[in-house]
Amino acid sequence: STPEVAPRAPAPPRKTTVRGLLIRADGQPLERPTIWLLYPSGRRHARLQGRVDAEGGFVMSDVPVSCLDGPVQLEIGAKGFLTETRRVHGRDLAEGITLALHPPITVRGRFVDERGKPVAGTRLDGWHGPWTSIHAVSDEEGRFEFLSPANRYVGMYLTHEHAPEGLLEV
């Protein structure tokens, strides 16, 4: 007699679909929202775009199950808002996450030397996520202006080719 072979258990799915909500901080829908999932894929990062409906509900298909075991990056944006990178845990994404965007704020300032004279041409570089940067250069009056996400940390550094270290004040 031939021994019976137990049927194999089906292999766990390698890809899944995740859903969530992408809205304004005041709870209203966004105009033309976008969402991307960035996850490790070998030595590089892969990007997967989600579909967002008029109410802000998003769906991402073909998400590798393996990326839901740890932190992932979401790149989110909409018309009138800055693109932001958010780090979330994959399990929160799998359970359905709500992401709210705040309108950007305008940051204005002026660079002056130790005598209070304007310093033109000062370059201000900043970042508010691993892939999102801010750049501004001061004008003849030392003024600069840029948009920054509200409620987000922004790191900055200054450079000016003719200014010795410590000469600039913000």
Side-chain angles (χ1 to χ4, degrees), residues 10-111 121-139 143-160 170:
R14 302 186 78 177
K15 305 256 178 159
T16 190
T17 298
V18 297
R19 291 174 169 71
L21 187 62
L22 177 57
I23 55 175
R24 294 172 52 106
D26 62 8
Q28 298 300 309
L30 293 158
E31 186 177 346
R32 296 198 317 249
T34 60
I35 184 164
W36 291 84
L37 171 66
L38 295 91
Y39 61 92
S41 178
R43 292 183 177 190
R44 305 182 71 181
H45 276 83
R47 290 171 50 102
L48 179 66
Q49 186 173 16
R51 294 182 315 277
V52 187
D53 65 27
E55 289 78 40
F58 69 83
V59 176
M60 290 184 176
S61 303
D62 296 325
V63 175
V65 172
S66 60
C67 76
L68 301 179
D69 293 333
V72 295
Q73 304 282 344
L74 292 174
E75 191 174 275
I76 57 177
K79 182 179 179 187
F81 291 77
L82 296 173
T83 300
E84 295 184 26
T85 303
R86 303 264 181 99
R87 184 180 168 120
V88 300
H89 198 284
R91 77 173 157 266
D92 295 330
L93 190 58
E95 293 171 2
I97 190 169
T98 297
L99 302 162
L101 281 174
H102 293 266
I105 58 172
T106 301
V107 177
R108 293 181 182 95
R110 188 167 179 242
F111 293 111
T122 301
R123 183 175 169 94
L124 175 73
D125 294 302
W127 62 95
H128 55 89
W131 296 286
T132 312
S133 56
I134 298 167
H135 305 285
V137 178
S138 62
D139 65 14
R143 294 182 303 245
F144 66 90
E145 178 177 306
F146 62 88
L147 291 176
S148 177
N151 299 339
R152 304 288 292 171
Y153 171 81
V154 177
M156 297 183 186
Y157 57 93
L158 310 172
T159 54
H160 190 277
V170 180

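What you see is a predicted model, and the numbers here were worked out from it, not measured in a lab.
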Check the pair Phe58 / Ile97 against side chain to side chain contact (heavy atoms under 4.5 Å, CB included), numbers first and verdict last.
CA-CA 10 Å; Phe58 69 83; Ile97 190 169; 3.9 Å; yes
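- A pairwise comparison of heavy atoms in His45 and Leu38 identifies CD2-C, 4.4 Å as the closest pair.
- Residues forming a side chain to side chain donor-acceptor pair (under 3.5 Å) with Arg44 (at least two apart in sequence, or on another chain): none.
- Residues meeting the side chain to side chain contact (heavy atoms under 4.5 Å, CB included) test with Asp139, sequence neighbours left out: Glu141, Arg143.
- Shown here for Cys67 and Tyr39, the closest heavy-atom pair between the two residues is CB-CB, 3.9 Å.
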Using distance only, find each side-chain donor-acceptor pair of residues 18-33 under 3.5 Å and give its atom names and separation, not counting sequence neighbours.
| from | atom 1 | to | atom 2 | distance (Å) |
| --- | --- | --- | --- | --- |
| Arg24 | NE | Asp26 | OD1 | 3.3 |
| Arg24 | NE | Asp26 | OD2 | 3.4 |
| Asp26 | OD1 | Gln28 | N | 3.0 |
| Glu31 | OE2 | Lys79 | NZ | 3.4 |

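- Proximity of Thr34 to Val52: side-chain heavy atoms (C-beta onward) are nowhere separated by under 4.5 Å.
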Would you please test Leu101 and Arg86 for side chain to side chain contact (heavy atoms under 4.5 Å, CB included) and show each step?
CA-CA 11 Å; Leu101 281 174; Arg86 303 264 181 99; 4.1 Å; yes
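- Pairs engaging residues 46-65 under the side-chain hydrogen bond (donor to acceptor under 3.5 Å, both in side chains) rule: Arg47-Glu75 [sequence neighbours left out].
- When all heavy atoms of Leu82 and Ser148 are compared, the closest pair comes out as CD1-C, 3.4 Å.
- Shown here are the side chain to side chain donor-acceptor pair (under 3.5 Å) partners of Glu95, two or more places apart in sequence or in another chain: there are none.
- Contact between Ser138 and Phe144 at its shortest, heavy atoms only, is CA-CB, 4.3 Å.
- Residues Leu68 and Ala94 approach most closely at CD1-CB, 3.9 Å, considering heavy atoms.
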Tell me, with the steps shown, if Glu84 and Ile76 meet side chain to side chain contact (heavy atoms under 4.5 Å, CB included).
CA-CA 5 Å; Glu84 295 184 26; Ile76 57 177; 4.3 Å; yes
